[in-house]
Amino acid sequence: MTERPLQGSRTTKLQATRQKIQSGARWLGSMGSELSTVAIPRIRTDDQAPLPRLFSGRVLAATFLAISGFYCFAIGRDRYQASSEFVIKQPMPPGNSAAMVLGTLQSSSVLSSLEDGRYLQVYLESNDVRNAVFPDEEVYLNSYASASPDLWSGLSTNADAQQQLGFFRNQLDVIPQELSGSIVLSTSAFTAEDAYSLNTKLLEQAQRFVNDVNQSISADQQAFAETQVAYAQNRLTEASNALEAFQDRYGQLNPLAEQSAAASFITGLESRLVDLKVEEASLRRQYRDPDAPEVAYVADQVGELERQIKEERQKAVGAGGRDLNRLASQSVRLEGDVTFARESLASAMRAADNSRMESQRQLKFIVMLSKPQMPQEPDHSWRWKAFLSCIGILVVVWGVFGFMLTALRRD
Amino acid sequence: MSRITSSKVFTSVRAFGDRMMLQIRIVLALADMEFALRAEKGAFGVWGVVFEPLALMLTLLALKILVRLKTTDLLNPVIWLACGVALLYLFRKVGIKALTGVSKKQRFFFYRRIRPLDTLLASTLIEARIHASVLVLVFLAVSAWSWTFQIDDPALMVVDFLLTVCLGLGVGMSALVVGHRIPIVKALTKFGINRILLWTSGIFYATYSLPGPARPFVTWNPLLHSVELLRHSINTAYPLPGISLQYLAICAFVSVGFGLVFYFSNEALLLSDD
């Protein structure tokens with residue numbers, strides 16, 4: 001079996017071609033079971049499948065494309081876009097930097113700006129900012145209201161707060177740039193003025209946010225430092241008062257010196273006691289009678305001296321006496337408290353001063369790289385993007401879900 | 001001299017349309033056949049065809065987790081990796097595998113309507129559908145897991161994917177002829193080009209994480225542009241230093257144009273050999 005050149009009119013040629021495809025496919029099918037079970041149904045589909053089923057898929061796809069094309073290029077409202085770019089700078093950024101994979105280094109100023117940009121991204125998309133930018137809800141709803149013939153886009157007049165916030169978020173894009181650290185702010189609206197105005201107001205909000213954060217951090221740090229100073233001052237006052245009260249009560253004595261004097265006095269008495277005991281022992285060896293007057297005299301002196309020493313010791317440390325040990329330790333503790341409180345105060349004052357200087361050093365501010373411009377003409381890119389997205393939906397439906405269905409059927 | 005009438009024009013257009021539809025159906029039939037053949041060869045049947053690249057992706061993901069390779073916090077790491085693996089393997093299966101594709105299908109070329117290009121188109125179609133399915137499955141699974149759905153620029157995603165398919169097809173058309181005529185190229189490809197593509201396509205790294213002076217060593221590869229643009233289409237904050245859609249489009253169209261010229265000037269050789 002060989003193929004022959006096509007002959008006759010075009011319609012005849014087509015019919016002949018179809019017949020040959022079928023016959024060729026059947027022939028190929030006879031060569032291998034795989035093609036007979038796979039290819040022939042596909043090639044014969046045109047002639048044997050029910051026409052409406054075959055037609056409906058194409059019609060649905062074509063209708064979907066036609067409607068989306070008509071909407072995107074004919075009735076879709078113009079959209080205007082305003083963009084600005086800025087960077088959040090700090091006069092003296094922190095000195096550390098982060099290493100990325102394969103050795104690229106991002107400077108600390110870039111990382112700092114990126115971090116702030118991410119906070120700003122969340123803040124600008126918040127409900128607070130929406131309320132600040134559009135304090136009057138009526139104005140907001142009117143600015144973005146749906147308009148004929150494009151009833152699809154825009155904000156419904158009876159949209160609730162959540163829908164309003166969602167729509168607001170869709171109108172702005174805050175994109176921190178990973179490489180440069182700058183932040184690109186894009187806003188879109190149905191008129192050029194609205195897009196420009198929204199961008200400008202959001203920049204004001206960003207500026208306010210950075211200032212508020214700066215002030216808040218500075219105020220917090222300063223308040224904390226001042227609290228610490230006040231606390232240290234109180235402690236110093238209390239310690240000084242306690243020391244003064246102690247000195248008022250016990251006079252301007254020096255317990256340590258007195259304790260030292262008492263100790264030396266007792267030591268002198270004990271030394272004399274030792275001498276007398278030696279003398280008594282010597283006399284007892286000289287006299288046979290232990291009650292001899294000479295012995296009794298010295299023994300009396302020894303006894304008296306021992307009583308005296310005990311009394312002096314009792315006076316120095318006993319509860320009924322002056323208790324020089326306790327006074328000495330109390331005096332030392334109070335003086336230590338005063339010294340510590342004085343040093344704490346000095347340290348707190350130094351920290352407060354450093355905190356004030358650090359707050360000023362870490363102040364951040366917004367540097368505008370590109371100010372928003374009033375859009376001169378509508379942005380048409382959304383039309384192509386939306387249309388291509390519709391094509392993408394079709395491609396995904398046919399390519400992926402159709403494929404999965406085929407797999408399911410074959411399974 | 002015959003007059004050109006509207007009925008003649010209509011008939012011509014209809015005939016052209018019919019021929020096109022016929023050719024499309026042939027390609028679809030070949031794609032179905034290849035799908036069935038693969039399903040029969042694989043251990044897991046029909047689903048093995050889909051899950052084979054998915055399993056490869058999971059292996060690479062496990063490897064990435066094992067070596068703790070840093071990716072980026074701009075994209076989910078699974079989606080980030082899936083973008084690279086799906087597009088690279090799509091290109092390899094379409095473009096590079098065409099080097100070995102003609103001889104196995106020689107018996108189909110007896111039928112005049114089936115040409116080597118049709119088999120390549122069928123392979124391209126089925127690979128595109130497989131890898132798109134894998135991408136969509138991974139994306140849906142991750143979105144359901146993380147409860148977030150983000151595609152910032154779906155149009156770019158579609159265009160990027162289609163351009164990658166075109167790029168693979170263009171390279172495949174040239175490879176069809178080259179592989180058939182110069183068999184040594186197959187070995188060279190196996191040991192050389194595949195590895196070069198693997199390491200310059202941005203599967204394991206993001207271009208912006210490379211030092212500036214190192215970027216030109218990888219940005220020559222249009223596949224890198226394709227992979228990075230796909231990631232960028234999911235999150236527009238994903239930076240693209242030295243990456244452009246125009247470069248990818250030019251490479252795709254040039255490869256398709258060159259491939260068509262090269263293929264049609266050597267088609268007879270493909271059919272007559274063996």
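Each chain gets a letter, A, B and so on, in the order its sequence line appears, and its residues count up from 1.
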Part of [X] lying under 4.5 Å from any heavy atom of chain A:
X: B:V159; answer: side chain
X: B:L125; answer: side chain
X: B:I151; answer: neither
X: B:N235; answer: neither
X: B:M21; answer: side chain

Report the distance from atom [atom1] of [X] to atom [atom2] of [Y], rounding to the nearest 0.5 Å.
X: B:L240; Y: A:E178; atom1: CG; atom2: CD; answer: 11.5 Å
X: B:T236; Y: A:I175; atom1: OG1; atom2: CD1; answer: 3.5 Å
X: B:L156; Y: A:L388; atom1: CG; atom2: CG; answer: 9.5 Å

Query - salt bridge (Lys or Arg N to Asp or Glu O under 4.0 Å) partners for B:D160, two or more places apart - result: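 Expected list: none.
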Requested in this report: Step through the shown structure and confirm whether more than 12 heavy atoms of other residues, nucleotides or ligands are within 6.0 Å of CZ on A:R79.
Outcome: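 It does: A:R79 CZ has more than 12 such atoms within range.
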Query raised in the report: If you draw a 6.0 Å radius around CZ in A:F73, do more than 12 non-hydrogen atoms from other residues or ligands fall strictly inside?
Result: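 Correct, the count exceeds 12.
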Query raised in the report: Which residue pairs pass the ring-ring contact (aromatic ring centres under 6.0 Å, His included) test with at least one member in residues 166-186 of chain A, sequence neighbours excluded?
Result: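 Found A:Y144-A:F167.
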Query raised in the report: Hey, does A:L179 have a side-chain heavy atom less than 4.5 Å from the side chain of B:P241?
Result: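 Yes, their side chains come closer than 4.5 Å.
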Query raised in the report: Between A:P176, A:S389, A:A386, which residue shows the highest count of heavy-atom pairs closer than 4.5 Å to chain B?
Result: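 When all of A:P176, A:S389, A:A386 are compared, A:S389 has the most.
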